[in-house]
Chemist: 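Here it is, the structure, as structure tokens.
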Number of protein chains: 2
Amino acid sequence: MSLKHALLGLIDLEPGSGYDLTQRIRNSIGFFWPSTHQQIYKALHELLHEGCLDVEEEPQQHRPDRRIYSMTQHGREELQRWLDKPSPPTKIRDAFLIRVFCAHLWDEAHLVERLNDEQQRHQHVWEVYQRLAGRMDQWPESRRKRYRFARHTLQLGIYIEEAWQRWCRELQELYADK
Amino acid sequence: MSLKHALLGLIDLEPGSGYDLTQRIRNSIGFFWPSTHQQIYKALHELLHEGCLDVEEEPQQHRPDRRIYSMTQHGREELQRWLDKPSPPTKIRDAFLIRVFCAHLWDEAHLVERLNDEQQRHQHVWEVYQRLAGRMDQWPESRRKRYRFARHTLQLGIYIEEAWQRWCRELQELYADK
DNA sequence: CTTGGCATGTAAACTGTTACATGATTCT
DNA sequence: AGAATCATGTAACAGTTTACATGCCAAG
């Protein structure tokens with residue numbers, strides 16, 4: 001299960017609680033491996049059971065105690081083994097493209113409108129990525145170095161969003177002035 | 001379930017058997033909504049049950065009869081209703097990017113090698129898309145018109161593969177001459 | 001003689017999503 | 001007064017993947 005190894009990778013960079021990891025995933029690995037807190041808590045329990053992680057309870061008042069996870073030697077070995085395996089091909093799942101596929105059932109004005117919405121959505125995601133990247137680029141050297149691969153994956157996200165926007169714009173032009 | 005509507009869209013363009021549709025999906029909707037024949041046969045049964053499709057059995061010798069599915073009025077209405085709904089955001093799932101995220105555990109030579117493999121993979125997919133697009137562009141006018149939206153979605157695939165390749169190349173350069 | 005294409009399916013296992021559950025604190 | 005944040009989970013449901021099942025024909 002890739003989510004487990006994603007968690008090992010994150011914890012290897014910096015230990016944290018399920019809550020912490022949920023936030024961190026949302027701003028990094030979540031872009032190319034979407035996951036909810038429910039999955040994450042479950043995966044953490046399993047990793048703990050398998051001896052890949054250690055926990056330390058941090059007592060809190062008025063709310064559940066934080067359970068801080070950190071790597072074990074076994075976890076590090078497991079991650080290493082996984083890293084050397086080949087990756088299955090990327091998967092995209094996009095219902096909007098199914099709709100475009102059926103766009104002969106729309107009139108062209110409606111198509112252009114939907115393409116415009118879609119383009120704005122991708123522009124928004126692009127802006128989120130850019131902001132995040134900009135902030136990361138201002139981190140102090142040591143942190144920037146530690147997270148440089150996270151930064152690289154973000155760059156791919158930026159390129160992909162640009163591809164989407166280009167496509168939306170070109171199609172809009174094609175159907176707008178007809 | 002989007003797969004069902006993908007099938008309705010395909011059958012609306014041209015009726016066919018489960019087997020046909022599996023092939024057609026593999027070369028069109030499958031690029032952004034991966035689905036196996038098992039899922040497809042199941043979805044077809046359900047659509048039939050819901051009154052969205054009709055079947056006609058075409059007897060065959062030495063192999064199971066072909067069951068040719070076609071649209072009903074109810075199916076067309078259902079598809080129309082679905083088309084007007086908003087689409088949930090795109091999802092990417094990519095285990096290679098999780099690995100890159102953890103690339104501090106690789107030495108740089110290994111990273112460059114893996115990036116090279118990945119780039120070739122994306123180049124291969126790009127070539128497949130280009131070949132398909134080239135063939136579609138040579139179809140006779142009527143068919144080309146009918147499948148023009150399929151052609152458009154293919155173009156997005158091409159752009160996305162180009163984004164991937166650019167990214168792989170840039171990262172390789174960054175880590176190659178260090 | 002083995003691989004791939006044709007043609008349909010069932011079933012179990014695994015993964016992912018959605019809804020529910022609790023409860024104090026801080027911000028608007 | 002209501003929403004968001006912190007912090008952990010359980011459970012039901014939906015969707016996806018993998019393995020199994022059959023059997024003929026054509027091509028290499």
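Model, not experiment: these values are computed from the prediction. Below, read A as the first sequence line, B as the second, and so on, with proteins coming before strands; counting in each chain starts at 1.
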Chemist: Might you point out which heavy atoms bring His122(B) and Thr90(A) nearest each other, and give the distance in Å?
Modeler: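 Scanning both residues completely, I find the closest heavy atoms to be CE1-OG1, 3.8 Å.
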Chemist: Given the rule in the side chain to side chain contact (heavy atoms under 4.5 Å, CB included) test, do His37(B) and Tyr19(B) qualify, once you have shown the distances and angles that lead to the verdict?
Modeler: CA-CA 8 Å; His37(B) 78 271; Tyr19(B) 191 87; over 6 Å; no
Chemist: Taking all non-hydrogen atoms of both residues into account, name the closest pair between Leu21(B) and Gly16(B) and its distance.
Modeler: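 Minimum heavy-atom separation between Leu21(B) and Gly16(B): CD1-O, 3.9 Å.
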Chemist: Rounded off to whole Å, could you give me the CD-to-P distance for the Gln61(A) and dT26(C) pair?
Modeler: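 Atom CD in Gln61(A) sits about 12 Å away from atom P in dT26(C).
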Chemist: Does anything in residues 12-29 of chain A come within less than 4.0 Å of DNA chain D? Heavy atoms only, and list the residues if so.
Modeler: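 Under 4.0 Å from DNA chain D: Ser17(A), Gly18(A), Tyr19(A).
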Chemist: Could you tell me how far apart Asp65(A) (CG) and dG23(C) (C1') are, to the nearest whole angstrom?
Modeler: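 In whole Å, dG23(C) C1' and Asp65(A) CG are 14 Å from each other.
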Chemist: Quick check: is Leu174(A) connected to Leu111(A) through a chain of hydrophobic side chains (ILVMFWY, heavy atoms under 4.5 Å apart)?
Modeler: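 Leu111(A) clusters together with Leu174(A).
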Chemist: Rounded to the nearest Å, what distance is computed from the OH atom of residue Tyr41(B) to the P atom of nucleotide dA7(C)?
Modeler: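 In whole Å, dA7(C) P and Tyr41(B) OH are 9 Å from each other.
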Chemist: Report the distance from atom CD of Glu58(B) to atom P of dA7(C), rounded to the nearest whole Å.
Modeler: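 Rounding to the nearest Å, CD of Glu58(B) and P of dA7(C) are 8 Å apart.
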Chemist: Testing the basics here: between Arg24(A) and Pro15(A), what is the closest heavy-atom pair and its distance to 0.1 Å?
Modeler: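 The answer is NH1-O, 3.8 Å.
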Chemist: Reading nucleotides 15-23 of chain D from the 5' end, what letters show protein touch, with B for base, S for backbone sugar-phosphate only, - for no heavy atom under 4.0 Å?
Modeler: SSBBB----
Chemist: Would you kindly give the CD1-to-P distance between Ile92(B) and dG16(C), to the nearest whole Å?
Modeler: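 Between P of dG16(C) and CD1 of Ile92(B): 16 Å.
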Chemist: Rounding to an integer number of Å, can you tell me how far Glu56(B) CD sits from dT8(C) P?
Modeler: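 The distance from CD of Glu56(B) to P of dT8(C) comes to 14 Å, rounded to the nearest Å.
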Chemist: Knowing that exactly one of Trp167(A), Tyr175(A), Phe96(A) qualifies, which makes a ring-ring contact (aromatic ring centres under 6.0 Å, His included) with His152(B)?
Modeler: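 So the option named by the test is Tyr175(A).
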Chemist: Evaluate the ring planes of Trp82(B) and His5(B), with Trp represented by its six-membered ring, and classify them as parallel (under 30°), tilted (30 to 60°) or perpendicular (over 60°).
Modeler: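 The rings of Trp82(B) and His5(B) lie parallel, inter-plane angle below 30°.
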Chemist: Within this structure, what is the CG-to-C1' distance between Leu48(B) and dG9(C), rounded to whole angstrom?
Modeler: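 Roughly 15 Å, once rounded to whole Å.
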Chemist: Would you say that Gln73(B) contacts Arg76(B) through its side chain, given a criterion of any heavy-atom pair below 4.5 Å between the two side chains?
Modeler: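 Sidechains of Arg76(B) and Gln73(B): in contact.
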Chemist: Would you kindly give the CD-to-P distance between Gln60(A) and dC6(D), to the nearest whole Å?
Modeler: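 So the two atoms are 11 Å apart, to the nearest Å.
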Chemist: Going by side chain to side chain donor-acceptor pair (under 3.5 Å), name the residues that satisfy it together with His45(B), two or more places apart in sequence or in a different chain.
Modeler: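 With neighbours one apart ignored, the set is empty.
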